[in-house]
Amino acid sequence: MTEIPRDRNHQPEIPEPPAPAPVGSAYEPEAVELAWYRYWEEGGFFHVDPDAVHEGGKEPFVIPMPPPNVTGRLHMGHGLQDTVQDLLIRFKRMQGFAALWIPGIDHAGIATQNVVEKTLKKDGIDRKEIGREAFLEHVWDWKQEYGDIILQQKRRLGDSCDWRYERFTMDEGLSEAVQKVFVTLYEQGLVYKGEYLVNWDPDNQTVISNEEVDNVERNGSLWTVRYPVVDEDGTETGEYIDIATTRPETIPADTAVAVHPEDDRFRHLVCKTVRVPAVGRIVPIIADDYIKMDFGAGALKVTPGHDENDFQIGKRHGLETVSLMNLDGTLNEEGGPYAGMERFAARKAIVADMEASGELVKIEDYVQTVPISSRSKAVIEPLLSPQWYVAMEPLATRALEVVNDGTITFHPARWANEYRRWLEDIRDWPISRQLWWGHRIPVWYRTDADGERIEEDFVVSVDSPGEGYVQDEDVLDTWFSSWLWPFATLGWPDDTDALKAFYPGSVLVSGYDILFFWIARMIMAGTHFTDEVPYTDVFVTGMIKDKQGRWMSKSLGNGIDPLDMIETYGADAVRYTLAKLCAQGQDIKLDPAAFEGGRNFANKIWNASRVFGRFVERDDAGRPTEDLRRQRDFSELNLAERWLLTRLHDTVEAVTESLNAYRISEAAQLAYDFVWRDFCDWYLEVSKAPRGESPARDSLALSVEVFEKILGLLHPFMPFVTEELWWTLRPRAEGEACIASAWPSPSKEETDPEAAALFTTIQDLVTGIRQVRAQYNVPPSQRIRALVRAGDAATASALERASDYVERLAGLSELAIGADLEKPAASAAIVVGAHEVFVPLAGMIDLGVERQRLQKEIGAKRGFLGGVEKKLRNEAFVSRAPEAVVAKERQKAEDAKAEIAALEANLADLG
RNA sequence: GGGCCUUUAGCUCAGGGGUUUAGAGCGCUCGCCUCACACGCGAGAGGUCGAUGGUUCAAAUCCAUCAAGGCCCACCA
């Protein structure tokens, strides 16, 4: 049992934070990322103890990480899912939750056994020769060597999981849980042994579940074979039944021929007998309405030992079940002359023989659905075999309830439908696997005098009943341990502190590819064994595809390695890009070039910090020694600052809301817009001191203050660069890290919608002047004059106070503002709402260009006005639409008219 | 055979009954090495929101049908 750490016993020493990069240096992600991850991990910043909940009163927020396969390497799917999980964890941690992300590894039964077997084969070692025990030693060695490679790779991505909780699906605790669950289910009558047709994988020589079978369309043949009707002593009556089959090699296992009871062609033959071609067995003709009269030749050969439907027919009619295949896919003695042949060789041989004997009537091309093992890609053989099953229906009932009653919510909601569909039509789960690597089935058989086990005489128990018993050779399906993951990782079945504190969990993040395999089964296990849902929210991500929308696969060689991307662009860039692409539930067509966007954003933030960061005094190590921030009063802030704080407040609110609703890409976009557009493009430009002057301390202080909030806001998306910059702004106390900071929550008090609106007007004025400059190719270095004729005196004086913004941003040498200024001759005019801007362009003005510009502007406005007026002319609209909507449209029309009038006046002015 | 998803700018995608005349990134055009950033700055061009019909005062947005692409499930030999 892994001991769950407790705070009072574990007080990790917080290391020295890495020294900041020198001021003015370019952003180099790799060095920054490695250093900070070490700092966080060693400093215990990911640690969450049960006491934080029990005694600290913190609300838990728990995500069980889908344990990657021990054979695994990080792929883009992990990149995406881990980005989402870590983002949520960091977000909630900053919000003050006891945010626990539980990592671990899955032993991945078949996959791992295959890999190790292949590796050994290269050294000339055969699994069967060395035997079970020796083989398992190799697998454990392999696990030791490669087991946590992927977890190391996840660290590179920045995953902030509490590694002290790391579990392996075959470690002691998980094994205990698995055994207990098997025994419990057996005692509840929900585990049983049955002999049914199973999906047999002849390559891996194990049974697999339906979910592990892929049905693929393949070009095959449909052979029509003639079955002669014979009497009791085997003489042909001259009649015959033609039967179409896609699997002639199973003919030797035919135990009947079936026709539809109402089929007039064959009705008189029912109860008679036919001779099976190739092997000469005499079998009855039966009637069953499963048969489709219009398919093939209208009759079916019944092979209960090798086809699920035939098996059902056989049951109904009490037919013998002949199993003619060995576990390796060769025919056994039932195959008669074909015994010992591999199944597809047998098919060829049997077809050739029937062709020669005239029993084969025809061969047609036929597209059929072939079941394939998703692991080995071998064609699945339905085979009669005794296996252990879990009766799923009782478990499914509860699991359906908790989704139907809203205890568990899927995001996006449509996955709940898929989930229901599967559960409502659930089949029993074959859980035994004929493998060596996995949890041994806790069933003990009594042995007879020869040491052979007696199949019917067994005990189900965790421990051996003692002498005279041997354990079942088989192991359990990998998912039989992973379905316990959310609670077994916390110590279940023991009632640990951790379990009490952190179960049930909060969110599961996973791809839809394992909705049935894992997500649904976890919910079944949770409700059945713990009487709780394992988590309340399921966030289902889309799958990552290549640029052309194809699945990434080794064989296509179209995979994009996240580690390569991290090396090239940085982990923050990879994370931000994936977050941005993570629209709810949609598959993602990934172009590696997309990561450039993330890199550019990280770089932008880095550079933005230099604008004010270079004015912070630092010691020799580059650490800040002064705190620029100061007490301030919102009302004393200037217009731009009040606008910025208003935008900050709104942005934080919107991002928080988006994250809470799992709208990850929206949150990423909102943060991006604020940081790049508002903060960098407008605020930083406005706040810069005039050439040659030093910026005001108050202005720097606000930049630092807001930037700190920005770093917090971006931290869940881009933890590394934000943490790095966090330490460059002001002196920090030990452990006062960005990761441990509180989620920004700017005060509503510190917003000023009026200031924000005025600033927007200023932005429009500036943009207008810039447009004129661009139109006339005025070089950026050339200062020009401009006049603003404000629509009213109040705005005029407000703009007057903010005139240096416009001057600076529009590159003006002089700016006149007033409510009744005259338009100078030979000037370009811009209409911004009720205000007009005149740009005197003596000597430069081109009447043609100007006329064109104004006409285009008028055209656009008229188009707009036309639309609005059309609405207003519609009486139904005016009478039925809400008053506010109508009023708004009226206002729009009026504003547009005024603007058009102003533009037209200016146009007329040109002569 | 059932069910689901997608179709919006050249490309990749947001948006999801009234948000000024539909947005972003990339690409494209023009001008800029403006002392944070060319991984950048400024200005632009470019969509009758797959088609048709309907509901509504109002549809890219809701409904129906169709078309194209994709996915999942299913026992047609």
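Throughout, a chain's letter reflects where its sequence line sits, starting with A, and its residues are numbered from 1.
B:U34 atom P lies 21 Å from atom CD1 of A:I769, rounded to whole Å. The distance between atom CD of A:Q771 and atom C1' of B:A43, rounded to the nearest whole Å, is 7 Å. Nucleotide B:C26 holds its P atom 16 Å from the CZ atom of A:F595, rounded to whole Å. Across the protein-nucleic acid pair, A:D288 atom CG and B:C76 atom C1' stand 13 Å apart, rounded to whole Å. One atom, NZ of A:K892, and another, P of B:A58, lie 16 Å apart when rounded to the nearest Å. Here B:C37 presents its P atom at 16 Å from CZ of A:R599, a figure rounded to the nearest Å. The distance from atom CZ of A:R550 to atom P of B:G70 is 13 Å, rounded to the nearest whole Å. One atom, CG of A:N309, and another, C1' of B:A74, lie 11 Å apart when rounded to the nearest Å.
Contact between the side-chain N/O atoms of A:Y366 and the OP1/OP2 oxygens of B:A77 is found at a separation under 4.0 Å. The side chain of A:K856 contributes an N or O atom lying less than 4.0 Å from OP1 or OP2 of B:A45. In terms of phosphate contacts, A:N777 brings no side-chain nitrogen or oxygen within less than 4.0 Å of OP1 or OP2 of B:C30. Side-chain N/O atoms of A:K604 include one lying less than 4.0 angstrom from OP1 or OP2 on B:C41. For A:R427, a side-chain nitrogen or oxygen approaches OP1 or OP2 of B:A74 to under 4.0 Å. For A:R770, no side-chain nitrogen or oxygen approaches OP1 or OP2 of B:U34 to under 4.0 Å.
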> Which letters describe nucleotides 3-13 of chain B, given B = protein heavy atom under 4.0 Å from base, S = only from sugar-phosphate, - = neither?
Replying inline: --SS-----SS
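Comparing B:U34, B:U19, B:A77 against the side chain of A:K888 picks out B:U19 as the nearest. Listed nucleotides B:C73, B:A36, B:C76 differ in distance to A:F295; the shortest reach to its side chain belongs to B:C76. Checked against B:G18, B:G42, B:C39, the side chain of A:D681 finds its nearest nucleotide in B:G42.
Checking A:N600 against A:E596 by side-chain atom types alone, no donor-acceptor pair falls below 3.5 Å. Between A:D587 and A:Y512, the side chains place a donor N or O and an acceptor N or O closer than 3.5 Å (distance only, hydrogens not considered). At a cut-off of 3.5 Å, with distance as the only test, a side-chain donor of A:Y776 or A:E850 sits close to an acceptor on the other residue.
We find the CD-CG distance between A:E211 and A:L515 to be 10.5 Å, quoted to the nearest 0.5 Å. The distance from atom OH of A:Y27 to atom CD of A:E724, rounded to the nearest 0.5 Å, is 8.0 Å.
Using a 4.0 Å heavy-atom cutoff across all strands shown, A:R677 reaches sugar-phosphate atoms only and no base atom. Residue contacts shown for A:T767 are limited to sugar-phosphate atoms, with no base heavy atom under 4.0 Å away. Among the heavy atoms of the strands lying under 4.0 Å from A:N874 are primed sugar atoms or P, OP1, OP2 only; no base atom is included. Heavy atoms of A:P779 sit nowhere under 4.0 angstrom from any nucleic acid atom. Contacts of A:A299 with the nucleic acid, taken as non-hydrogen atoms under 4.0 Å apart, include base atoms. Counting non-hydrogen atoms under 4.0 angstrom, A:Y27 reaches nothing in the nucleic acid.
Annotation: B:C30 and B:G69 have their P atoms spaced 39 Å apart (nearest Å). For the C1' atoms, the distance linking B:G23 with B:G46 amounts to 14 Å, nearest Å. Distance noted for atom C1' between B:G2 and B:A59: 31 Å (whole Å). Annotation: B:C49 and B:C62 have their P atoms spaced 15 Å apart (nearest Å). Separating the P atom of B:G42 from that of B:C37 is a span of 14 Å, rounded to the nearest Å. Comparing the same atom, C1', in B:A60 and in B:C71 gives a spacing of 25 Å after rounding to whole Å. Nucleotides B:C28 and B:C11 place their P atoms 15 Å apart, quoted to the nearest Å. Taking atom P in both B:A51 and B:G10, one finds a spacing of 14 Å when rounded to whole Å.
Geometrically, A:K362 does not engage A:W223 in a cation-pi contact, judged by NZ or CZ lying under 6.0 Å from the ring centre and within 45° of the ring axis.
Projected onto RNA chain B by closest heavy-atom contact, A:C680 and A:V878 fall at different nucleotides, the more 5' of which corresponds to A:C680. With RNA chain B read from its 5' end, the first of the two nearest nucleotides for A:K301 and A:R663 is the one closest to A:R663.
Applying the Watson-Crick and G-U wobble criteria (two distances, each under 3.5 Å), B:A77 pairs with nothing in any strand. With a 3.5 Å ceiling on both atom-pair distances, B:A60 lacks any Watson-Crick or G-U wobble partner. A 3.5 Å limit on both hydrogen-bonding distances identifies B:G10 as the Watson-Crick or G-U partner of B:C26. When Watson-Crick and G-U wobble pairs are counted only if both distances are under 3.5 Å, B:G17 pairs with no nucleotide at all. Nucleotide B:C41 forms a pair with B:G31, judged by Watson-Crick or G-U wobble geometry with both contacts under 3.5 Å. Under the Watson-Crick or G-U wobble criterion, with both distances below 3.5 Å, B:C71 is paired with B:G3. Across all strands shown, B:G50 is found opposite B:C66 as a Watson-Crick or G-U wobble partner, with both distances under 3.5 Å.
Ring geometry for A:F612 versus A:F707: interplanar angle over 60°, hence perpendicular rather than tilted (30 to 60°). Ring geometry, A:Y419 versus A:F410: the interplanar angle falls from 30° to 60°, so the pair is classed tilted.
Using a 4.0 Å cut-off between charged nitrogen and carboxylate oxygen, A:R677 and A:D673 do not count as a salt-bridge pair. Comment: A:K897 does not engage A:E894 in a salt bridge, judged by the lack of any side-chain N to carboxylate O separation of less than 4.0 angstrom.
Heavy-atom neighbours of A:E308 CD from other residues, nucleotides or ligands within 6.0 Å: above the threshold of 12.
Checked by distance alone, A:E308 brings no side-chain donor or acceptor within 3.5 Å of a matching partner on the base of B:A77.
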